[in-house]
Amino acid sequence: MVRTARTIVLLKRRALWDRLEVLNRSQGWLARQAGITPSYMSRLIREGRAPSGRVRARIQRALGVADFHDLFELAAPGERG
């Protein structure tokens with residue numbers, strides 16, 4: 001069986017920080033709202049980890065962002081963070 005590379009979804013760091021600043025909220029607050037640990041949130045941001053669809057939806061909801069593309073970008077597997 002041949003595996004093909006799949007596109008991954010990454011957080012747009014600058015957009016995330018800008019939105020948190022507008023809301024006057026912290027990364028820790030966002031982690032709690034998204035139902036993930038602060039360390040996992042940090043990995044999503046710093047290491048370019050790809051959040052699951054469920055986590056992406058929770059992040060969008062917590063930040064009040066309706067458009068997926070305002071917070072996330074599509075990348076090839078070798079283009080992480």
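Note that this is a predicted model, so its numbers are computed, not measured. Sequential numbering from 1 along the given sequence is applied to the chain's residues.
- Panel note: side chain Gln33, backbone Ala62; no donor-acceptor pair is recorded below 3.5 Å.
- Scanning for ring pair (Phe, Tyr, Trp, His ring centres under 6.0 Å) contacts around Tyr40 gives an empty result, with sequence neighbours left out.
- The side chain to side chain contact (heavy atoms under 4.5 Å, CB included) search around Leu20 returns Leu16, Trp17, Arg25, Trp29, Leu30, Leu63, not counting sequence neighbours.
- Nearest heavy atoms, Arg56 versus Val9: CD-CG1, 3.4 Å.
- Annotation: salt bridge (Lys or Arg N to Asp or Glu O under 4.0 Å) contacts involving residues 57-75, sequence neighbours excluded, are absent.
- The minimum heavy-atom distance between Leu44 and Ala50, with the atom names listed, is CD2-C, 4.2 Å.
- In this structure, the separation between CG on Leu11 and CZ on Phe72 is 5.0 Å, given to the nearest 0.5 Å.
- Of all non-hydrogen atoms in Met41 and Gln27, the two that sit nearest each other are CG-CG, 3.6 Å.
- Between Ile45 and Arg13, the closest side-chain pair of non-hydrogen atoms falls below 4.5 Å.
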